[in-house]
Every structure is written in C-alpha cells, then in structure tokens.
2 protein chains.
Amino acid sequence: MDNENFQEKSKEVSEPTIRRLPVYHHYLLKIRNENAPFISCTQIASDLGLVPIQVRKDLEVTGVEGKPKVGYEVTALLAAIEKFLGWSNVNAAVLAGAGHLGYAILGYQGFCDYGLNIAAAFDNDFLKIGKFIHGKPVYSADSMESYIKEHKIEVGILTVPAQYAQEVADIMIKAGIKAIWNFAPAKITSDNPTVIIQHENLASSFAVLSSKINTDKIKRN
Amino acid sequence: MDNENFQEKSKEVSEPTIRRLPVYHHYLLKIRNENAPFISCTQIASDLGLVPIQVRKDLEVTGVEGKPKVGYEVTALLAAIEKFLGWSNVNAAVLAGAGHLGYAILGYQGFCDYGLNIAAAFDNDFLKIGKFIHGKPVYSADSMESYIKEHKIEVGILTVPAQYAQEVADIMIKAGIKAIWNFAPAKITSDNPTVIIQHENLASSFAVLSSKINTDKIKRN
C-alpha cells in the first residue's frame, strides 16, 4: 500500500492548505447565500475552529487579500478558490469497478461542483453492464480503452479489487489518462512520470484515528 | 464540511508521518515473509520512493533505531509500529449506515490487522436488518445505543447520509463512544471535548488531485 505523500514533489502550497480549501469554499457558499458580501478572517477562523493566522496564510494562496476592517469579498474569494483548484475547468473522468465503493463514489454529491464529472463507469459484471448507477451509465470493461480515447478523458478513478489495479491502470494510461485516483488497496505505478497518481488509503486514514485513540487511552490510564 | 486537520491539537508526531506508518508496516511484513531479519534505511527509502532521511525521521517515532551497517531489525520494528499506532489493543467498533460506503468499509480487508474490529452494523432498512454483510451482522438502528453500552464499544464509524450524521453521532456519544470516524459529508460536533472526531472528506481528497491536475495543465500549455 502507498500514500499520496510518497509521490509528492516539492511544491509551494502545502497539502493541508489544499485540503482545507474545499472547506473554506463550502463555508463561503453558505455565507454568500446569507447575502453577506464580506467576511472577516477572524469570523472564518472562529466558525471553522482555526486560528486567524492559519486562515490568512491558507487564503493567501488564492491571491485574494482581505481589506482592512471589512475582510474578504466573498464572491471574489469563492472564484479565486475555484480557479486555484482548477474547478473552473471541469475534468471528465471514468470510474473502473462498479462495486460498493464505486457505487458510493458515483453517488457522492458535490463532485460536479468541484470540477469532477464522472462520465461513465466500467465493470465486467454482466448484471451491471447496460444499467445506470446514480444516473451514470455502466459499460463493459472491454470498451473502456476506446471510450477514454474517443471522449479524451483525462481522469481515471480506480475502485477495482487490489489484484486488478495495476492492469486497469495500465489500460487507462495507454488510452491517454493523465491522472489516476486510486482507491484500490494496492500500489500502482506508471513508467510515464507525467501521469499523476493519487492513492487513497483507508488504512493510513485509520492510523491517524488509531494513534489519537491510543494517545487518549494512555492519558486516561 | 470539515477536515481532520481542523480539529488537530498540537502534537509531536506529524500527521504525514503517522499516515506513512501503515505503509512501512505493510512493506516490513513482506520483508519478514522473505525471511530478511534486517533492512537498511536506504533500502526502505528506495523501495518506497522516499528519501532516506525521511524514513529515518519517520521511524524514529517508534523508538527503534537502526544498527550501523545492518539496519533495522524487521520484527522489532513491526512490533514498535503496532504499539505506536495502538494496533496491539484491538478497538471494537460499530458502523452506522449500511449503504454502499458502509458495505465497502465492512468489506475492507485488513482493518482487523490494524486493530479495528467492526463488531456490528446498524441500519433502518428492514431489507438489511438481520442479514450479514461481509460476515458482520446488521441490526436495527433502534438497538444501536443499547448495543454500544452493553458491549462497551468505543469507536463509531458514520456512513449515514449527511442529514442524519449529527443525530446518529449524538446517540453514539451518549452511549459511550469515545471516537467517531465520520464519512458523512457533514460536519459533526460534540459538546464533550474528549470525544475524538475524525472527518474523512472526499472533496478535500479530490482537491489535492485537482490542484495537481491544474498545475500540470498550466505546465502543458
């Protein structure tokens, strides 16, 4: 198994900052719906349980600056976050493996708002092929390569069993996929260094929780 | 929506290090199965695509030190990682919401090795109640509170729809749950500051990938 941090190249913006940007975005949408044109750094920090200096530093990456006494312009900040994260250019994606995790991801609300449009799913189960899951068509795994080429899809989501992960990734990359979001509990690699591979690892996520519980138990004893 | 980083208190060991520990663990198990009693820091780094100094720093937290010329003792390092992450004390957990994401988590291989034992799942769908999912019983949501109390369960996994997340979390905490792993796309809170809440946020994970794709597109143009 692997972890997204393993493949990270040095870059200017830290991953924790990037991970918080959708949270700010979600919060700012709510503020905008409440018709507040400006929001202060202190208010954002207070509502999201952060310290103001962290909020200021995070939002600096978008290029939008808060104005003295009034704060950030909500609409401008929303647009800047969307631009920074590339949500303005919607990425078309395919999903391979329509098992339970695949179903859950196809039904995840909000990906479209975040610039991800899953165009189709692929599976080799005849009971699933030809059906729709959350409005997305499921096609035969055999047709994935030609579909990716024809529709110039650049993002592939892998929710296949671990033993098929590399094989399916190879087909995706051969067909022209530029970025793979891998949920299979297996490390996948590409000979092509320009292909972006991001691993999601439930075991690593649980390790974070587990270490917190462990520290807490030690404290209680 | 929220992010696990939001609730983090200052602590000595960084989250990226903690997230890598299960990856080292998985790798070391393979090395042990190949009957290699020792492994060098350089070899681990090379096999996992990391720099040696990072590996040394990460593994320092376990208290095990590499010996000059031979490296780390594989068995000792495995045990130290397990101890650090609290995997030696298996945490019994319940899962609320046996939808597709719940199914996927119940079927995730390896949680048991990582000190997490999901004892039962709870749902309010009569078609699921009384059945087994990946060998785990599904009980009526109404019985969750008494089950948690009776079995002294300390970990709750939330895979319910967003609108029920807080309500179900409240029942869990009232029943004695000490840590909640929240997969619902909703922020949940607790009046009790000792309750650990970890949010898993697919939108935040996608933001990391999306920003990489965006940077890559800018480079290509």
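Labels below follow one simple rule: chain letters A, B, ... track the order of the sequence lines, proteins then strands, and each chain is numbered from 1.
Shown here for B:L209 and A:I180, the closest heavy-atom pair between the two residues is CD1-O, 4.4 Å. Across all non-hydrogen atoms, the minimal contact from A:I105 to B:L202 is CG1-CD1, 4.4 Å. Residues B:D47 and A:K187 approach most closely at O-NZ, 3.7 Å, considering heavy atoms. The minimum heavy-atom distance between B:S205 and A:Q198, with the atom names listed, is O-NE2, 2.9 Å.
Of the atoms belonging to B:L21, not a single heavy atom falls under 4.5 Å from chain A. Heavy-atom distances place both the backbone and the side chain of A:A207 under 4.5 Å from chain B. In this structure, chain B has no heavy atom under 4.5 Å from any part of A:Y27.
Around the CG atom of B:D191, the shell of radius 6.0 Å holds no more than 12 heavy atoms that belong to other residues, nucleotides or ligands. Crowding of A:K149 atom NZ: a count of heavy atoms from other residues, nucleotides or ligands under 6.0 Å exceeding 12. Within 6.0 Å of atom OH in B:Y164, 12 or fewer heavy atoms from other residues, nucleotides or ligands are found, so the atom counts as exposed in its surroundings.
Within the model, atoms CG of A:L116 and OG of B:S210 stand 8.0 Å from one another, a figure rounded to the nearest 0.5 Å. With rounding to the nearest 0.5 angstrom, the NE2 atom of A:H100 is 7.5 Å from the CD1 atom of B:I133. To the nearest 0.5 Å, the span separating NZ on A:K178 from CD1 on B:I213 amounts to 11.0 Å.
Classified by interplanar angle (parallel below 30°, tilted 30° to 60°, perpendicular above 60°), the ring pair B:F206/A:W181 is tilted.
Remark: the backbone N or O of B:L85 is not paired with any side-chain donor or acceptor of A:S211 at under 3.5 angstrom.
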